[in-house]
Amino acid sequence: MANYPFKEIEEKWQKHWMENNHFKTVENEKPKYYVLEMFPYPSGKIHMGHVRNYSIGDVVARFKKMQGYNVLHPMGWDAFGLPAENAAIKHGIHPDIWTTKNIQEMKDQLNPLGLSYDWDREVATCSPDYYKWTQWIFLQFYKRGLAYKKESRVNWCPSCETVLANEQVVGGLCERCDSKVGKKMLNQWYFKITDYAEELLQEINNLPGWPEKVKIMQSNWIGKSTGAEVNFPINGSDKTITVFTTRPDTIYGATYMVLAPEHPYVAELVKGTEYEEEVNSFITKLQHMSDIERTATDIEKEGIFIGHYSINPITGRKIPIFIANYVLVDYGTGAIMAVPGHDQRDLDFARKYHIEVIPVIKPEEAQDFTIEKEAYSDEGIMMSSGDFNGLKSTEAYDKILQLIEEKGVGNKTISYRLRDWLLSRQRYWGTPIPIIYCDTCGTVPVKEENLPVALPTDIQFTGTGLSPLTTSETFLNAPCPSCGKMGRRETDTMDTFVDSSWYFLRYTDAKNTEKIFDKEKTDYWMQVDQYIGGVEHAILHLLYARFFTRVMKDLNLVSNPEPFKNLLTQGMVLKDGAKMSKSKGNVVSPEEIIIKYGADTARLFVLFAAPPERDLEWSDQGVEGCFRFLNRVWRLAIEALDNGLYNRKANTTTKEDKNLKYMIHNTIKRVTEDVEGRFNFNTAISAVMELVNELYKYKELEDIDGGLVEEGITTVIVLLAPFAPHFTEELWAITKGEGSVHKLSWPKYSKEAIVQDEVEVVIQINGKLKDKITIPSDMTKEAMEELAFNNEKIQSILEGKSIVKVITVPKKLINIVVK
RNA sequence: GCCGCGGUGGCGGAACUGGCAGACGCAGCAGACUCAAAAUCUGCCGAUGGCAACAUCGUGGGGGUUCGAUUCCCUUCCGCGGCACCA
């Protein structure tokens, strides 16, 4: 028999579903379920990673719908970004046209997959209807002091004369021209995400539906450490330098101090001294290095003495002040007390510059303790620490902190690794920052009623120099919202992560022209019950989205501060052990697979080949196998219908009948559990395959129950519906003649059918399998043991051995322990 | 360096709470059908020994707990991912 006509079937049902608004969703009284896949960047081509992502989401959506939920399953486009602008520079196509065309092309490639999206809720972040609200959010942040501008060091390519995002710096080089990337001070916009650091960290504990791995990554990223700030007066000056330390217990061992070269005091302290020139050239040298070069762990520690001393406020000791490449200006206070005895970095530096090393903590057992090449960073017993000598360092930690506070020279504090979010981009294709600079009024936000600040079209893309928006006269000049005099617009646009930090909220009320969204609607749908996407977004996107949602909760725009209840991070699609990529030439295009085997086979394969969290190794033969399986089901159903198998002699209730009934209902149970709780689609599908194999065997028997065959085939069709939607819809139409398989309720297994009268148990001797016997499932322990001891095979093995004990687990095993 | 995840047949993977290791699929081998091939259907398919029934070994390596360990504990090796001069 020929293969099933997948092409006709898929086109037919896609058209049917679309024309009948099959996937349209509105709020109703049913329990809601919001399933979301991370929206794509419209590159113009979908790849297997997309197919995998959306297939997983579609199974969840269709399954939940069959379970009676009101399911929201939207799709949209993360449509701002650099590739569109590069295309403009390279080919002279306007980013808007390029993006719109790509969205259409990607939609044309997505539709053949049969995904159950409600396209009425589509959003594109580059559309003014959308970015108007991104700007509106910016203004709310600004009002709250959560958006602010500051001078800071940013990546700078001297050849392109432009700022680069961290992602655009590849191995310390500019991704476009391969020049060495340096640093430059620029005035940039920031979001104050650090205000939410503690909340974002604490609330990770309230995300039981997130993978542990992602939670750990976020915690580490936020990077909380507790310690103290201590003020060290500068000798012969009225200034003090505040250092941050996590080890106040080592303060007696501080033999020098290091400032970050960019620390504001440095320039002041050396001004007009003999050290000025040397310090300046050191700083200039560092500025020409990228962060990557500068912070590489293998780089040698380097620094210089700046001619000043400070006073250790606890010991009164006078210690030299250095600047060095290993102290960062934007962590802690940008200054440290260096304790070479107990910090490896400080030790390396001290050895190089011949600075004294004073050990102040020794291991508990140690007698004469000295430091050679390795710093001692563990706990221990205090030494050379005045009154604290002999104490455990953990006790001394608290006592010294107390002393610091009593003396008023410092206090307990907390430091985070998380930095504020730099959102300015010197780009065209992004959301314009709605700010006007006025000579009289300064920095003035655009009035809400004047949003959106639209992207102009009279732009030149030269690929060099400043933000392209500076080339638009119509954009640049705008009246000050406060005094009306001519001002200048902000010409930077926002990082595209801003756009994607709230799109899931807009889906809940995508067409609203009055408001960002209606709170009632958003509260009805939020949280996202299941979010699905690549683990590469574990930190940035997911953290930013959490941050935004928290702020929106504080603004009373939403009720729940956490956006994503459950998170599934799917693995990559590999071929020959490597990620599919053009440069490796190992790309399999979804289009060619759909043409050859159809979308249902493609979907089935990506779900069957591996559990969703793991990487998936592509296999052409594996795809073929899935296609064969669908054909096998097809033939089974068609043959049963044509040959009247449904009507053959019924209700004989043989052993085989009972077994098939058991198989049918146990398969329902297995598939339900696999899909619902664990997202193990691979085992769900293999369970259905087993049932199909069983049906093939059963139908060859002499005496079969036609009704049971029908039940079996129907069950297979219904259970496969979320996985292979077109295939099952067609089979449903053929075998049942009416309705849609997708409008059915998800089947429930019969409890009686999965009760087995007989079970197979194993007989072990010393834990090793010796024989298997089939017994009634309600047999007592005693009877089981009797049976085991009467077993001929067991008797012959037991001969001449003495029995130590017998362990019997009902319905499972009998283990006889012998000597 | 620190943190996390993983290691099971020729391959992708299964074994959910400690109880038959290898479900299901792929590849391979054999048979049926066919003039023949493809497709399809059926059977076999971890290693070693044996004609066989069967025996022994086997979940990266070593050790432990247990009647019993892929599963729990210790240790070690390898692979992958994240962070990385964060004081």
Side-chain angles (χ1 to χ4, degrees), chain A residues 1-3 211-221 223-225 227 243-247 250 258 260 292 294-301 324-328 330-339 342-346 348-349 415-419 535-536 538-539 571 604-605 608-611 613-626 628-629 631-632 635 670 673-674 677-678 680 682-690 692-693 696-697 700 760-772 793 804-809 811-818:
Chain A
M1 205 203 279
N3 291 328
E212 217 45 45
K213 174 189 167 147
V214 173
K215 292 196 276 186
I216 289 165
M217 279 163 78
Q218 289 213 353
S219 300
N220 291 344
W221 187 260
K224 180 179 181 173
S225 47
V243 302
F244 173 70
T245 178
T246 54
R247 295 294 302 273
T250 64
V258 188
I292 295 158
R294 195 178 147 182
T295 61
T297 38
D298 51 359
I299 196 169
E300 200 177 332
K301 297 197 178 13
N325 58 352
Y326 76 99
V327 174
L328 309 171
D330 49 4
Y331 181 76
T333 59
I336 62 161
M337 62 173 207
V339 185
H342 305 284
D343 182 288
Q344 193 58 45
R345 294 156 299 179
D346 295 346
D348 293 344
F349 190 85
S415 198
Y416 299 92
R417 223 189 57 112
L418 183 71
R419 307 291 148 82
V535 73
E536 66 273 18
I539 298 172
L604 201 65
F605 173 73
F608 176 64
E613 301 225 284
R614 258 200 257 179
D615 286 348
L616 183 158
E617 176 68 31
W618 184 265
S619 155
D620 289 327
Q621 282 143 341
V623 178
E624 196 105 28
C626 288
R628 268 204 294 265
F629 167 68
N631 276 302
R632 200 166 142 84
R635 281 190 302 269
R670 287 170 68 187
E673 285 169 0
D674 282 352
R678 315 196 301 154
N680 280 6
N682 55 332
T683 47
I685 294 166
S686 64
V688 179
M689 286 173 169
E690 284 179 61
V692 171
N693 291 345
Y696 264 83
K697 275 190 205 141
E700 295 308 318
E760 196 179 52
V761 300
V762 253
I763 307 176
Q764 296 178 335
I765 291 176
N766 289 343
K768 289 196 176 159
L769 173 70
K770 293 296 170 189
D771 203 6
K772 297 177 188 181
K793 210 159 152 190
V804 180
K805 67 169 158 178
V806 180
I807 287 136
T808 307
V809 184
K811 293 194 210 182
K812 279 238 168 78
L813 64 90
I814 303 141
N815 186 15
I816 303 166
V817 186
V818 299

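Throughout, a chain's letter reflects where its sequence line sits, starting with A, and its residues are numbered from 1. Here the structure is a predicted model, which is why all the values come from computation and not from measurement.
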Going 5' to 3' through nucleotides 2-8 of chain B, assign each nucleotide B (protein heavy atom under 4.0 Å from a base atom), S (under 4.0 Å only from sugar-phosphate atoms) or - (no protein heavy atom that close). -SS----

Do nucleotides 40-57 of chain B as a string where each nucleotide becomes B, S or -: B if the base has a protein heavy atom under 4.0 Å, S if just the sugar-phosphate does, - if no protein is that close. SSSS-------------S

On RNA chain B, check which nucleotide each of Asp343(A) and Cys626(A) is closest to and give me the residue with the more 5' one.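 The residue whose closest nucleotide sits nearer the 5' end is Cys626(A).
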
Most 5' of Met217(A) and Arg247(A) on RNA chain B, judged by nearest nucleotide: Met217(A)

Using whole Å, what does the distance between atom [atom2] of nucleotide [N] and atom [atom1] of [X] come to?
X	N	atom1	atom2	result
Arg678(A)	A15(B)	CZ	C1'	10 Å
Ile814(A)	C20(B)	CD1	P	14 Å
Met689(A)	A14(B)	CE	P	14 Å
Asp674(A)	G13(B)	CG	C1'	13 Å
Phe605(A)	C24(B)	CZ	P	18 Å
Trp221(A)	A84(B)	CH2	C1'	11 Å
Glu690(A)	G13(B)	CD	P	18 Å
Ile685(A)	G12(B)	CD1	C1'	13 Å

Any base atoms under 4.0 Å from [X], or only sugar-phosphate, or nothing? Heavy atoms, all strands.
X	result
Arg419(A)	base
Glu760(A)	base
Gly625(A)	sugar-phosphate
Thr245(A)	sugar-phosphate
Asp615(A)	sugar-phosphate

Using the [atom1] atom as the reference point in each nucleotide, state the distance between [N] and [M] in Å, no decimals.
N	M	atom1	answer
U76(B)	G4(B)	P	15 Å
U34(B)	G25(B)	P	27 Å
C3(B)	C74(B)	P	14 Å
A84(B)	C77(B)	C1'	24 Å
C83(B)	G13(B)	P	25 Å
G82(B)	G61(B)	P	28 Å
C29(B)	A38(B)	P	12 Å
G22(B)	C45(B)	C1'	12 Å

Show each protein N/O and nucleotides 65-71 of chain B N/O combination with a separation under 3.5 Å, one pair to a line.
{"residue": "C67(B)", "atom": "OP1", "partner": "Lys805(A)", "partner atom": "NZ", "Å": "3.4"}
{"residue": "C67(B)", "atom": "O2'", "partner": "Asn815(A)", "partner atom": "ND2", "Å": "3.4"}
{"residue": "C67(B)", "atom": "O2", "partner": "Asn815(A)", "partner atom": "ND2", "Å": "2.4"}

Out of [options], whichever nucleotide has its closest atom nearest the side chain of [X]:
X	options	answer
Ser225(A)	A87(B), C85(B), G12(B)	A87(B)
Val809(A)	A14(B), A87(B), G19(B)	G19(B)
Gln621(A)	G19(B), C26(B), C85(B)	C26(B)
Glu617(A)	A87(B), G12(B), C16(B)	G12(B)
Lys812(A)	A87(B), C83(B), G19(B)	G19(B)
Phe608(A)	C85(B), A14(B), G25(B)	G25(B)

Considering residues at least two apart in sequence or located in another chain, which fulfil the ring pair (Phe, Tyr, Trp, His ring centres under 6.0 Å) criterion with Phe349(A)?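 Checked Phe349(A) against ring pair (Phe, Tyr, Trp, His ring centres under 6.0 Å); matches are Tyr256(A), Phe322(A), Tyr326(A), Tyr353(A).
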
Applying a 3.5 Å limit to both distances, which nucleotide forms a Watson-Crick or G-U wobble pair with [N]?
N	result
U48(B)	A55(B)
C2(B)	G82(B)
C29(B)	G43(B)

All side chain to side chain donor-acceptor pair (under 3.5 Å) counterparts of [X], not counting sequence neighbours:
X	answer
Glu760(A)	none
Lys224(A)	Glu198(A)
Asn680(A)	none
Glu536(A)	none

With [X], which residues qualify under salt bridge (Lys or Arg N to Asp or Glu O under 4.0 Å), at least two apart?
X	value
Asp674(A)	Arg678(A)
Arg419(A)	Asp330(A)
Glu613(A)	none
Glu673(A)	Lys669(A)

So, does Arg670(A) get its side chain near the phosphate of C24(B), meaning an N or O under 4.0 Å from OP1 or OP2? no

Taking all heavy atoms of [X] and all of [Y], pick out the closest pair and write down the distance.
X	Y	answer
Asn325(A)	Glu300(A)	ND2-O, 3.1 Å
Val339(A)	Asp346(A)	N-OD2, 2.9 Å
Phe608(A)	Asn682(A)	O-CB, 3.3 Å
Val327(A)	Ala260(A)	O-CB, 3.4 Å

Within this structure, what is the CD1-CD1 distance for the pair Ile763(A) and Ile814(A), rounded to the nearest 0.5 Å?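 Here the rounded value is 5.0 Å.
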
Where the chi angle of G9(B) falls, syn if within 90° of 0 and anti if not: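 That one's syn.
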
Without swapping roles, check the side chain of Asn631(A) against the backbone of Asn3(A) for a donor-acceptor pair under 3.5 Å. no

